[in-house]
Amino acid sequence: MDFISDLNPEQKQAVLHADGPLLVLAGAGSGKTRVIACRAARLIADGLAEPDELLAVTFTNKAAEEMRERVKSLAATGARRPWICTFHALCARILRREGGVRVGRDFVIYDSADQSAAMKRILHDLDVDDKLLSARQALAEISEAKNHMRSPGNLRGESWSARGDLLAKAYERYRRALEAANALDFDDLLLETMRLFEDREPVRRRYGERFRFIMVDEYQDTNPPQFRLVRLLTREHRNLCVVGDPDQSIYQWRGADLSNILDFQKHFAGATVIRLERNYRSTQVILDAAGAVIERNRRRLRKRMRTDRTGGALVRCFRAGDDLEEADWVTARLREALDAGETPAGVLYRTNAQSRVLEEALGRAGIAYRMVGGVRFYERKEIKDTLAYLRLLINLDDDVSLRRVINEPKRGIGKGVMAALEKLAPEPDAAGPLFAAAPGDAGAADSLWGRLNRAVNQELVPPRAVGALRGFRDLVQALRGLTADRPVADVVGEVLGRTGYLEKLREAMTEEAQNRIDNLMELVAAARDYEIREAEPSLTGFVDGQSLLSEADEAQGSEDAGVWLMTLHAAKGLEFPVVFMVGLEERLFPHARAVGGERYERIANDDLGEGDPAGGERAGGGHNEAMEEERRLCYVGMTRARTRLVLTSAARRRVYGEYRDTKPSRFLDEVPADLIDVVEPVFSTPVRSPATYGRGAYRGQRRGPADDDRIQPDYGYAYEDEDQSVVSISPGDHVRHPTFGVGTVISVEPLTDDMKLTVSFRDIGRKTLRQRFAKLTLA
DNA sequence: GACCACTAGAATGAT
DNA sequence: TCTAGTGGTC
């Protein structure tokens with residue numbers, strides 16, 4: 001086993017540990033993925049376990065994929081492959097085999113869009129005012145309750161209020177709706193598996209005995225149901241190896257419980273603890289900078305990361321005038337990085353909404369990028385529609401899917417017909433809900449499909465509606481007949497053909513329609529890949545995979561693009577030679593939710609006075625858990641960098657299209673000043689040059705008396721020459737720029753309070769400038 | 001029933 | 001700024 005000789009002593013110890021519980025505290029860049037993969041490989045190679053007696057659980061599909069590849073390259077696994085998957089995929093797999101307590105084997109998985117559709121209906125039926133309780137809020141609270149294993153009757157102490165009352169009602173209805181549709185949401189996958197193991201001991205024991213060795217990656221992010229599942233599965237062998245880093249816990253908002261890792265030795269008596277503190281990724285400067293930030297957190301285990309890469313480039317900081325300028329500046333620096341061969345470069349932001357300006361700036365500069373996450377592919381209507389058809393074929397009682405496709409493409413089943421269907425009373429002698437009903441084509445009596453059948457058979461709706469509904473029913477039944485035993489790709493093809501979906505798009509003859517067709521062909525290709533890859537392919541398996549794919553697994557752009565854009569959360573587990581963290585501003589990062597606690601919604605643009613940067617944390621007399629999580633997120637971002645780290649912010653930023661002034665993030669203050677290199681703006685003259693960054697120099701300039709709504713240049717830059725902005729410039733003018741030299745104006749585009757100029761410079765080519773910043777003179 | 005124009009609300013993070 | 005949802009018109 002060659003792979004062991006390359007490991008350092010601690011890594012080796014972790015890899016060679018076999019029996020009993022093991023906690024590996026693995027700091028950023030300490031090679032933890034490698035340790036897990038090597039450990040799996042060694043257990044197989046030494047005959048301590050058959051491959052399929054190993055279970056390795058990760059948090060993202062991406063991580064699972066990587067792990068699978070690594071293990072495969074280290075050990076021959078043959079047909080009995082180890083189980084390497086996410087918690088959710090593990091649960092889906094077990095539930096498909098065993099069936100659940102509340103659902104049958106043919107359940108569907110509801111993703112967030114499905115959840116939202118279901119909840120909107122419920123709140124509508126309950127006649128709830130959106131302002132009192134939105135579907136979004138209701139789902140968030142329900143998820144929170146599930147993550148803490150609370151039932152509808154036991155929502156957090158608000159049950160006395162009107163809203164709490166409503167919430168409990170909505171929760172109960174939501175639960176019933178999913179049960180009737182034989183559906184599980186993401187949280188349910190975990191809970192249902194937990195219930196299965198707790199109610200059916202023989203099933204639990206079978207899995208407990210089977211998985212001789214269990215490994216859990218990113219253990220600091222496990223939530224209570226996940227913890228319970230781990231306990232249930234390790235009762236027999238107790239060979240549990242968990243790997244994680246408390247400083248990188250960034251999912252507490254999703255119910256992750258830090259005490260799972262902090263109290264591991266209490267939960268699993270006799271556990272061995274190994275610390276990996278040697279960092280193989282970053283320079284000492286980067287580690288020191290990140291270490292200084294994370295040190296401010298109270299709830300953590302002390303550790304000090306070491307690297308052989310002493311010294312290193314200082315952390316560069318830049319404060320731009322606004323978000324556009326920030327994006328342009330980052331783009332220019334990215335160009336330099338690409339030219340220097342520092343690829344790929346990672347650009348990390350706190351919120352997805354920040355990606356747009358960056359994408360546009362990169363687009364203008366002609367730099368190819370890959371965007372991890374975001375919403376695009378996942379949200380595409382044609383993909384969702386097709387998957388809804390497939391899900392309906394698997395489970396006719398899936399009301400959400402049925403609703404989605406019943407009139408897509410248009411077949412004359414509109415609002416009127418649907419309302420009539422819903423009005424049909426449930427059948428009096430209906431067998432209980434859900435899968436107690438015969439699984440045949442009749443469907444549960446209470447589901448829309450059941451009602452549809454009755455409406456057609458007994459002609460309970462107007463003749464024209466009966467005809468349309470019958471057409472749809474026959475179509476679905478015909479498709480069901482075809483699905484049996486056909487390759488998945490064929491089924492997808494049949495759906496697209498027989499429903500007329502593809503034809504409708506072809507008729508449209510627009511570019512957009514062609515795009516959609518291309519996307520659908522991609523889906524067919526994905527089905528074909530799935531068929532080849534999987535040992536026992538099935539339509540259900542394919543659809544599950546698609547449902548469990550997150551946005552984070554979808555990426556726009558090619559893998560060898562020089563620039564990768566993503567949120568800080570999505571960056572966990574990755575590394576880049578250069579990392580740009582953008583938008584380091586109070587209330588963006590750290591996010592307002594952590595800064596202002598409950599107040600944040602009411603605070604607008606005018607709340608920008610001097611303030612204690614740690615005020616949010618000290619408020620309330622204790623430490624601020626949310627702020628500590630933001631800080632860990634900052635730590636995660638910084639430690640993604642191998643050699644260079646760049647931190648930027650903007651003095652003004654558009655939120656919903658409106659400009660807001662900002663304060664620099666407290667995290668900038670927390671990086672020791674001697675590790676920072678402040679970069680001056682090129683496009684304008686700073687009012688003063690700050691000796692120490694963030695110690696007030698750039699901070700908190702109040703707007704003047706609010707008697708003038710025009711946005712003032714009061715965020716650190718000023719024009720000596722007010723006349724500049726009055727000079728009128730038009731296309732064709734010859735201009736001179738202090739840095740870029742002479743050029744010709746190509747176009748002029750008015751903005752709210754400025755002009756956007758495109759200028760073709762003689763020496764450096766085309767540039768987009770804003771007149772306020774660019775010190776242009778007529779040449 | 002389908003299509004279009006208008007408005008209100010939105011965006012922390014992800015399986 | 002962008003989108004989902006609503007209401008009006010054909």
Side-chain angles (χ1 to χ4, degrees), chain A residues 57-64 85-92 109-113 115-117 120 124 130-131 134-137 140 143 146-147 184-190 218 221-223 225-226 249-256 323-324 348-357 360 372-375 378-379 381 407-419 462 464-465 468 544-554 566-572 583 587-595 600-601 626 629-630 632-633 636-637 653-659 751-752:
Chain A
V57 189
T58 60
F59 271 78
T60 62
N61 295 297
K62 200 169 62 186
C85 55
T86 63
F87 267 110
H88 291 82
L90 170 72
C91 290
I109 300 168
Y110 273 13
D111 66 17
S112 48
Q115 289 181 282
S116 161
K120 275 176 186 162
H124 181 82
D130 203 52
K131 284 186 196 79
S134 69
R136 222 185 108 73
Q137 291 165 348
S143 179
K146 286 182 177 174
N147 285 155
L184 297 174
D185 65 24
F186 287 140
D187 299 324
D188 289 335
L189 284 171
L190 304 175
E218 308 282 13
D221 285 328
T222 45
N223 64 20
Q226 289 165 337
S249 162
I250 54 176
Y251 286 109
Q252 275 172 51
W253 54 273
R254 223 170 81 191
D323 49 348
L324 272 167
L348 315 183
Y349 36 82
R350 179 64 237 267
T351 70
N352 275 312
Q354 289 168 257
S355 74
R356 230 184 69 233
V357 243
E360 285 166 3
V372 181
V375 275
Y378 186 67
E379 285 279 297
K381 181 180 181 319
N407 202 29
E408 195 63 63
K410 305 281 174 267
R411 38 176 90 89
I413 307 175
K415 277 176 280 193
V417 181
M418 289 309 285
R464 220 170 68 178
D544 278 359
Q546 297 296 315
S547 308
L548 291 171
L549 266 190
S550 72
E551 290 106 63
D553 300 305
E554 287 297 344
M566 71 197 83
T567 63
L568 286 151
H569 282 89
K572 186 158 80 159
R587 301 184 160 274
L588 179 58
F589 188 35
H591 192 267
R593 224 140 169 142
V595 175
Y600 91 104
E601 274 158 352
E629 179 142 314
E630 295 290 310
R632 289 191 292 265
L633 195 53
V636 167
R653 178 176 300 279
R654 282 169 307 169
V655 181
Y656 303 137
E658 238 177 48
Y659 274 106
L751 303 172
T752 27

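Residue numbers begin at 1 in each chain, while the letters A, B, ... track the order of the sequences. Scope of the values below: all heavy atoms of this structure, side chains included, with no hydrogens, waters or symmetry mates. As the structure is a prediction and not an experimental result, all values here were calculated from the model.
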May I ask you to say what [X] touches in the nucleic acid, namely base, sugar-phosphate or nothing, with a heavy-atom cut-off under 4.0 Å?
{"X": "A:F87", "result": "nothing"}
{"X": "A:V417", "result": "sugar-phosphate"}
{"X": "A:F589", "result": "nothing"}

Counting side-chain heavy atoms from CB outward, which of [options] is closest to [X]?
{"X": "A:R464", "options": "B:dA2, B:dA14, B:dG1", "answer": "B:dG1"}
{"X": "A:A353", "options": "B:dA2, B:dA11, B:dG13", "answer": "B:dA11"}
{"X": "A:R356", "options": "B:dG13, C:dC2, B:dA2", "answer": "C:dC2"}

Length of the line joining [X]:[atom1] and [N]:[atom2], which is rounded to integer Å:
{"X": "A:M418", "N": "B:dA2", "atom1": "CE", "atom2": "P", "value": "12 Å"}
{"X": "A:L568", "N": "B:dA11", "atom1": "CG", "atom2": "C1'", "value": "15 Å"}
{"X": "A:L548", "N": "B:dA14", "atom1": "CG", "atom2": "P", "value": "16 Å"}
{"X": "A:Q137", "N": "B:dA11", "atom1": "CD", "atom2": "P", "value": "12 Å"}
{"X": "A:E408", "N": "B:dG1", "atom1": "CD", "atom2": "C1'", "value": "14 Å"}
{"X": "A:R587", "N": "B:dA11", "atom1": "CZ", "atom2": "P", "value": "19 Å"}
{"X": "A:D323", "N": "B:dA11", "atom1": "CG", "atom2": "P", "value": "18 Å"}
{"X": "A:L633", "N": "B:dG13", "atom1": "CG", "atom2": "P", "value": "11 Å"}

task = Could I get the full list of side chain to side chain contact (heavy atoms under 4.5 Å, CB included) partners for A:N407, not counting sequence neighbours?
result =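 Side chain to side chain contact (heavy atoms under 4.5 Å, CB included) check on A:N407 returns A:K410, A:R411, A:I413.
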query = Using the ring of each side chain (for Trp, its six-membered ring), is A:W253 parallel, tilted or perpendicular to A:H569, with breaks at 30° and 60°?
reply =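 Ring orientation, 0 to 90° scale: perpendicular.
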Nucleotides 5-10 of chain C: which of its N/O atoms have a protein N/O under 3.5 Å away?
unit_1: C:dG5; atom_1: OP1; unit_2: A:K120; atom_2: NZ; d: 2.8

Would you please confirm or rule out a distance under 4.0 Å between OP1 or OP2 of [N] and any side-chain N or O of [X]?
{"X": "A:N407", "N": "B:dG1", "result": "no"}
{"X": "A:T60", "N": "B:dA14", "result": "no"}
{"X": "A:N352", "N": "B:dA14", "result": "yes"}

query = Any salt bridge between A:K146 and A:D185, counting N to O under 4.0 Å?
reply =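 Salt bridge flag = yes for A:D185 with A:K146.
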A:E360 and A:R356 ion-paired at < 4.0 Å =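 So A:E360 pairs with A:R356 through a salt bridge.
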query = Pick the nucleotide of DNA chain B nearest each of A:R654 and A:I413; which residue has the one closer to the 5' end?
reply =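 Residue closer to the 5' terminus by nearest nucleotide: A:I413.
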ask   = Of A:H569 and A:G416, whose closest DNA chain B nucleotide lies nearer the 5' terminus?
value =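 Its nucleotide being nearer the 5' end, the pick is A:G416.
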inquiry  = Side chains of A:T351 and A:Q354 only: does a donor on one sit below 3.5 Å from an acceptor on the other?
reply    =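 Yes, A:Q354 and A:T351 have a side-chain donor paired with an acceptor closer than 3.5 Å.
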request  = Give the C-alpha distance, both sets of side-chain angles, the deciding distance and a yes or no for side-chain contact (heavy atoms from CB on, under 4.5 Å) between A:L184 and A:Y110.
outcome  = CA-CA 6 Å; A:L184 297 174; A:Y110 273 13; over 6 Å; no
Filtered N/O pairs between nucleotides 4-10 of chain B and protein, under 3.5 Å:
none

query = With sequence neighbours excluded, what pairs up with A:F87 under the ring-ring contact (aromatic ring centres under 6.0 Å, His included) test?
reply =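 With sequence neighbours excluded, A:F87 shows a ring-ring contact (aromatic ring centres under 6.0 Å, His included) to A:F59, given in chain and number order.
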query = Can you name the residues that form a ring-ring contact (aromatic ring centres under 6.0 Å, His included) with A:F589, not counting sequence neighbours?
reply =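 For A:F589 the ring-ring contact (aromatic ring centres under 6.0 Å, His included) partners, ignoring immediate neighbours, are A:F667.
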task = Evaluate the side-chain contact (heavy atoms from CB on, under 4.5 Å) criterion for residues A:V655 and A:L588: first the C-alpha distance (whole Å), next the side-chain angles of each, then the deciding distance (0.1 Å), finally the verdict.
result = CA-CA 10 Å; A:V655 181; A:L588 179 58; over 6 Å; no
key: Set of residues satisfying salt bridge (Lys or Arg N to Asp or Glu O under 4.0 Å) with respect to A:E218, sequence neighbours excluded   =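 A:E218 satisfies salt bridge (Lys or Arg N to Asp or Glu O under 4.0 Å) with A:K32, A:K572 once adjacent residues are dropped.
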